[in-house]
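Only this structure's heavy atoms are used, side chains among them; waters, hydrogens and symmetry mates stay out. Both counts, for ligands and for their atoms, begin at 1 and track the order of listing.
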Amino acid sequence: MAPGDALPALLALLGALLPGPGGAQTSVFPTEATLPRGGSVQINCSSSCDQQASLGLETDLDKTEVARGNNWKAYELSNVRKDSNLICFSVCGGEQTMAAASLTVYWCPDQVELAPLPSWQPVGENLTLRCQVAGGAPRANLTVVFLRGEEELDRQPVVGEPAEVAATVLVARRDHGANFSCRTELDLRPLGLELFENTSAPRQLRAFALPPTGPRLDAPRVLETGTRRAAVCSLDRLFPVAEAQVHLALGDRRLAPTIATHGDSLSAQALLRAKAGEEGSRQLTCAVTLGNRSRETRQTVTLYSFPAPNLTLSEPEVSEGTEVVVECQAQAEAVVTLSGAPAGPPGPRAQFLLNASAEDNGRSFSCSAALEVAGQVLQKNRTRELRVLYGPWLDERDCPGNWTWKEGTKQTLRCRARGNPPPDLNCSREKDGALLPIGNLSHVTRSLSGTYVCRAVSSRGQLTREVLVTVLYSDHQNLVAIVVVTILVILGVAGTAAYLYNRQRKIKKYKLQEAQKAATMKLNTPATPP
Ligand SMILES: *[C@@H]1O[C@H](CO)[C@@H](O)[C@H](O)[C@H]1NC(C)=O
Ligand SMILES: *[C@@H]1O[C@H](CO)[C@@H](O)[C@H](O)[C@H]1NC(C)=O
Ligand SMILES: *[C@@H]1O[C@H](CO)[C@@H](O)[C@H](O)[C@H]1NC(C)=O
Ligand SMILES: *[C@@H]1O[C@H](CO)[C@@H](O)[C@H](O)[C@H]1NC(C)=O
Ligand SMILES: *[C@@H]1O[C@H](CO)[C@@H](O)[C@H](O)[C@H]1NC(C)=O
Ligand SMILES: *[C@@H]1O[C@H](CO)[C@@H](O)[C@H](O)[C@H]1NC(C)=O
Ligand SMILES: *[C@@H]1O[C@H](CO)[C@@H](O)[C@H](O)[C@H]1NC(C)=O
Ligand SMILES: *[C@@H]1O[C@H](CO)[C@@H](O)[C@H](O)[C@H]1NC(C)=O
Ligand SMILES: *[C@@H]1O[C@H](CO)[C@@H](O)[C@H](O)[C@H]1NC(C)=O
Ligand SMILES: *[C@@H]1O[C@H](CO)[C@@H](O)[C@H](O)[C@H]1NC(C)=O
Ligand SMILES: *[C@@H]1O[C@H](CO)[C@@H](O)[C@H](O)[C@H]1NC(C)=O
Ligand SMILES: *[C@@H]1O[C@H](CO)[C@@H](O)[C@H](O)[C@H]1NC(C)=O
């Protein structure tokens with residue numbers, strides 16, 4: 001209360017407590033007035049005195065006497081800027097009486113403003129809306145209404161100057177993008193005046209939801225240098241998912257993930273790669289940021305290098321009976337297992353000596369190296385094949401030396417020389433050099449019989465072996481043939497004999513006839529002397 005208000009208030013109090021004696025009364029009209037700030041009002045002070053009373057108006061406002069009559073005076077008070085109490089007084093017969101009036105000034109607030117909203121507001125948390133109101137009166141009739149769009153959320157009285165009125169809203173997903181505002185209502189309708197409204201500029205809210213858990217990280221724990229593996233970082237229940245940002249980094253190297261969203265889920269995929277010389281542990285970090293909050297997951301990825309072990313044979317191709325050193329060497333931290341090696345202390349190196357035999361030709365040696373990286377046992381293998389030069393070999397197993405078959409049967413003649421390099425093999429018959437038909441025989445004939453010499457030749461030398469082929473044939477069959485032939489021969493001989501006999505007979509008969517003819521002629525002609 002301003003000090004200037006103290007005197008009229010005190011006088012009003014006195015006037016109320018001490019009514020004038022003798023019945024003369026001072027009146028004021030109106031006793032209460034409501035007017036806009038800076039407005040004017042007329043006040044009529046009058047006295048019920050039956051004689052001429054002296055009248056006055058006690059106020060610190062600008063006053064002008066606008067009219068007067070018998071025991072009344074009318075004043076105009078102008079530029080009324082604040083609430084004020086007035087006192088009319090009159091002196092009637094030496095007695096002073098008073099009457100008080102009050103002026104109420106109304107005005108709309110100069111400023112109605114909704115305080116800035118947080119740039120991002122988490123869903124499920126309370127948002128405090130603050131409405132700043134400067135000015136406005138009478139405060140008893142001034143209310144602040146909080147609005148979401150057109151929807152009324154809360155209404156509260158305005159207290160203080162300037163006033164800040166607050167309301168809380170539990171933010172939901174639907175509040176994302178909603179426009180919040182506050183409005184003052186100066187309701188003077190009971191006084192026959194209006195409802196005066198002033199609305200703040202709207203502020204748009206950005207709401208977000210982020211689950212309390214960190215993103216899921218699907219990535220290898222170990223990564224070999226020179227290789228690439230995919231890492232996927234995903235998080236569900238994000239709102240609005242399109243606004244989420246992903247930061248994926250291996251150590252201090254930022255990765256450029258491919259981001260895919262589906263519903264309210266997000267997944268970011270990137271390739272992890274390690275170069276030689278980068279061995280060691282790195283943190284793989286995935287952070288999903290939404291609003292001003294972030295969820296992060298970390299995982300250790302161990303970068304390692306692990307070349308396959310070096311498996312060496314002192315010579316990859318040796319002659320039978322030569323000693324070969326088989327050696328496997330891996331990096332210092334690895335443990336190798338070499339096939340064929342005698343058990344020894346585990347370590348990065350293993351070797352053994354081998355007296356190469358024909359059986360070792362084509363033998364594979366394998367060396368497996370195991371390396372433990374971040375609790376995982378990794379394996380790398382290498383194999384080498386040994387070639388042993390041997391032979392030619394041609395023994396009973398390869399080429400049986402005695403075949404005895406029946407004529408006309410089907411047989412398989414087996415003869416194969418062994419050796420590395422593979423030997424050439426020829427079997428030729430001793431007597432005429434005919435070649436032995438190795439393989440399937442559809443029909444064994446007796447002409448196959450004989451002693452063959454098989455010769456196996458390779459760059460490492462030659463070897464011979466005799467193969468005897470005996471074809472059995474049954475003479476019973478031949479007997480029939482002989483009988484048939486004999487019969488034919490007999491028949492032939494008999495036929496020839498018959499023919500010759502017949503011919504001989506015809507000749508005799510002819511000669512007889514000729515002799516008879518000659519005898520007859522000799523009888524008819526005289527014989528001539530020689
Ligand atoms: C002032 O009041 C008196 C007494 O009530 C009345 O007679 C007079 O007309 C009033 N004057 C005005 C200007 O209203
Ligand atoms: C408040 O509203 C009234 C009308 O209701 C208007 O005349 C006045 O200019 C407004 N005040 C502000 C600060 O906007
Ligand atoms: C997010 O912003 C709000 C207000 O804008 C603040 O209170 C809160 O501390 C911020 N959170 C983080 C993690 O920065
Ligand atoms: C939000 O505020 C209301 C009261 O205004 C309270 O009952 C509620 O527990 C609050 N909720 C949260 C999540 O803080
Ligand atoms: C205005 O304020 C006065 C005084 O407090 C009160 O009596 C009246 O009911 C109020 N009117 C409204 C509409 O709030
Ligand atoms: C909020 O206001 C902005 C402009 O101020 C408008 O573009 C947007 O559509 C409004 N949002 C809603 C939900 O009404
Ligand atoms: C390898 O073995 C063969 C036969 O077993 C033997 O004759 C030869 O002397 C051995 N060579 C060596 C170097 O031990
Ligand atoms: C294998 O041999 C290569 C070439 O000789 C060498 O550079 C490498 O270090 C060896 N690796 C191992 C594990 O010894
Ligand atoms: C290496 O050898 C082991 C056992 O000998 C086998 O299980 C594994 O599959 C092999 N790995 C490769 C890459 O050959
Ligand atoms: C071949 O085999 C036959 C019978 O199986 C035998 O009578 C003959 O003596 C053998 N010949 C040789 C040279 O081994
Ligand atoms: C076997 O015979 C073929 C042709 O008859 C000949 O070309 C080849 O050199 C012979 N091989 C041997 C080992 O005698
Ligand atoms: C020889 O005959 C056997 C079956 O009697 C057959 O499996 C094989 O393939 C034949 N070999 C040739 C060279 O025809």
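- Within the listing of ligand 2, atoms 11 (N), 13 (C) sit less than 4.0 angstrom from a heavy atom of Pro109.
- Scanning the protein for heavy atoms near atom 4 (C) of ligand 2, the closest one is Glu197 O, 4.2 Å.
- No salt bridge links Glu385 with Arg387; every basic N to acidic carboxylate O contact stays at or beyond 4.0 Å.
- Panel note: side chain Gln299, backbone Ala219; a donor-acceptor pair is recorded below 3.5 Å.
- Taking every non-hydrogen atom of Gly177 and a distance limit under 4.0 Å, the qualifying atoms of ligand 6 come out as 11 (N), 12 (C), 13 (C).
- When each atom of ligand 4 is checked for a heavy atom of Thr168 under 4.0 Å away, the hits are 5 (O).
- Considering only non-hydrogen protein atoms, atom 14 (O) of ligand 2 sits nearest to Asn198 ND2, 3.1 Å.
- Residue-ligand proximity, Gly124 to ligand 4, at heavy-atom distances under 4.0 Å covers atoms 13 (C).
- Between the side chain of Asn71 and the backbone N or O of Gln51, at least one donor-acceptor pair lies under 3.5 Å.
- Ion pairing of Arg253 with Glu278 is present here, as a side-chain N (NZ or NE/NH1/NH2) and a carboxylate O approach within less than 4.0 Å.
- Put simply, the side chain of Asp175 gets close to the backbone of Ala172: a donor and an acceptor are under 3.5 Å apart.
- The aromatic ring centroids of Phe208 and His176 lie 6.0 Å or more from each other.
- Within a 4.0 Å radius of atom 9 (O) of ligand 4, the protein contributes no non-hydrogen atoms.
- Close approach of ligand 6 to Asn179 is summarised as follows: ligand atoms under 4.0 Å from at least one heavy atom of the residue are 1 (C), 2 (O), 3 (C), 8 (C), 10 (C), 11 (N), 12 (C), 14 (O).
- The distance from ligand 2 to the heavy atoms of Asp110 drops below 4.0 Å at these ligand atoms: 13 (C).
- Among protein heavy atoms, the minimum distance from atom 1 (C) of ligand 4 is reached at Asn126 ND2, 1.4 Å.
- Counted by atom type alone, Gln351 and Arg349 present one or more donor-acceptor pairs between their side chains at under 3.5 Å.
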